[in-house]
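Everything on this sheet refers to the single structure shown next.
In what follows, every heavy atom counts, from backbone to side chain, and hydrogens, waters and symmetry copies are set aside.
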Amino acid sequence: MDKVSIILRRSPYGTVNAGEAIRHLLGAESNNFKGYLFLVDDGVYTGKKGQSTEGTEWINLAESFSMISPEEELSPEVYAEEESAKKRGLTGDDLVEGIKITNMKFIAKTISESKGFLIF
């Protein structure tokens with residue numbers, strides 16, 4: 001199965017980038033690609049537990065990750081880059097269940113093995 005890697009560098013709200021990254025991730029999985037989403041820089045906030053968009057026009061993107069698990073039909077892998085998370089005061093405990101912490105070496109290796117690559 002071919003891989004598609006997506007890097008999300010922007011915060012989850014204020015632009016459509018985070019929503020589009022998740023949409024492309026799920027679209028890749030739906031079309032028989034193995035999808036990888038890497039949350040880097042302010043993108044790590046997308047995976048933060050306990051987000052509230054109440055009173056705004058934005059959809060809570062962290063809830064999108066609830067449909068991503070090995071038990072579900074779509075099972076892309078989602079990673080938060082460790083230095084980005086650390087700089088923003090986030091640990092694995094702060095992230096939605098299923099999001100793993102990884103390093104740039106793993107991200108670079110996965111991207112090099114991917115047939116497609118997108119940055120948001």
Is there a donor-acceptor pair under 3.5 Å between the side chain of [X] and the backbone N or O of [Y]?
X: Glu81; Y: Gly43; value: no
X: Gln51; Y: Thr46; value: yes
X: Asn31; Y: Ala28; value: no
X: Lys34; Y: Ser75; value: yes
X: Glu82; Y: Ile101; value: no
X: Ser84; Y: Val40; value: no

Are Phe33 and Lys3 close enough, and set up right, to give a side-chain contact (heavy atoms from CB on, under 4.5 Å), and what steps lead you there? CA-CA 5 Å; Phe33 285 87; Lys3 297 178 183 178; over 6 Å; no
Nearest 0.5 Å, please: how far is CG in Leu118 from CG in Leu37? 10.5 Å
Measuring from Leu39:CG to Leu8:CG, what's the distance to the nearest 0.5 Å? 6.0 Å
Is there any salt bridge (charged side-chain N to carboxylate O under 4.0 Å, His left out) pair reaching into residues 14-28, and which pairs are they, with sequence neighbours excluded? Glu20-Arg23
For Arg9 versus Ile7, what's the shortest heavy-atom pair and its separation? CG-CG2, 3.5 Å
Closest non-hydrogen atom pair between Ile99 and Leu95, with its separation: CG2-CD1, 4.0 Å
Run through Arg10, Lys48, Arg88 and flag the one making a salt bridge (charged side-chain N to carboxylate O under 4.0 Å, His left out) with Asp42. Arg88
Under 4.5 Å between side-chain heavy atoms, hopping through other hydrophobics if needed: is there a path connecting [X] to [Y]?
X: Ile107; Y: Leu90; result: no
X: Met104; Y: Phe117; result: yes
X: Leu26; Y: Val96; result: yes

In chain order, what residues pass the salt bridge (Lys or Arg N to Asp or Glu O under 4.0 Å) check against Lys49, with sequence neighbours excluded? none
Between the side chains of Glu83 and Lys87, is the shortest nitrogen-to-carboxylate-oxygen separation below 4.0 Å, so that they form an ion pair? no
Does any non-hydrogen side-chain atom of Lys115 lie less than 4.5 Å from one of Val4? no
Could you tell me whether the side chain of Phe120 reaches within less than 4.5 Å of the side chain of Ile6, counting heavy atoms only? yes
Can you list the residues that meet the side-chain contact (heavy atoms from CB on, under 4.5 Å) rule with Thr110, with sequence neighbours excluded? Ser5, Tyr36, Phe38, Phe106, Ser114
Would you say Lys100 has more than 12 foreign heavy atoms packed within less than 6.0 Å of its NZ? yes
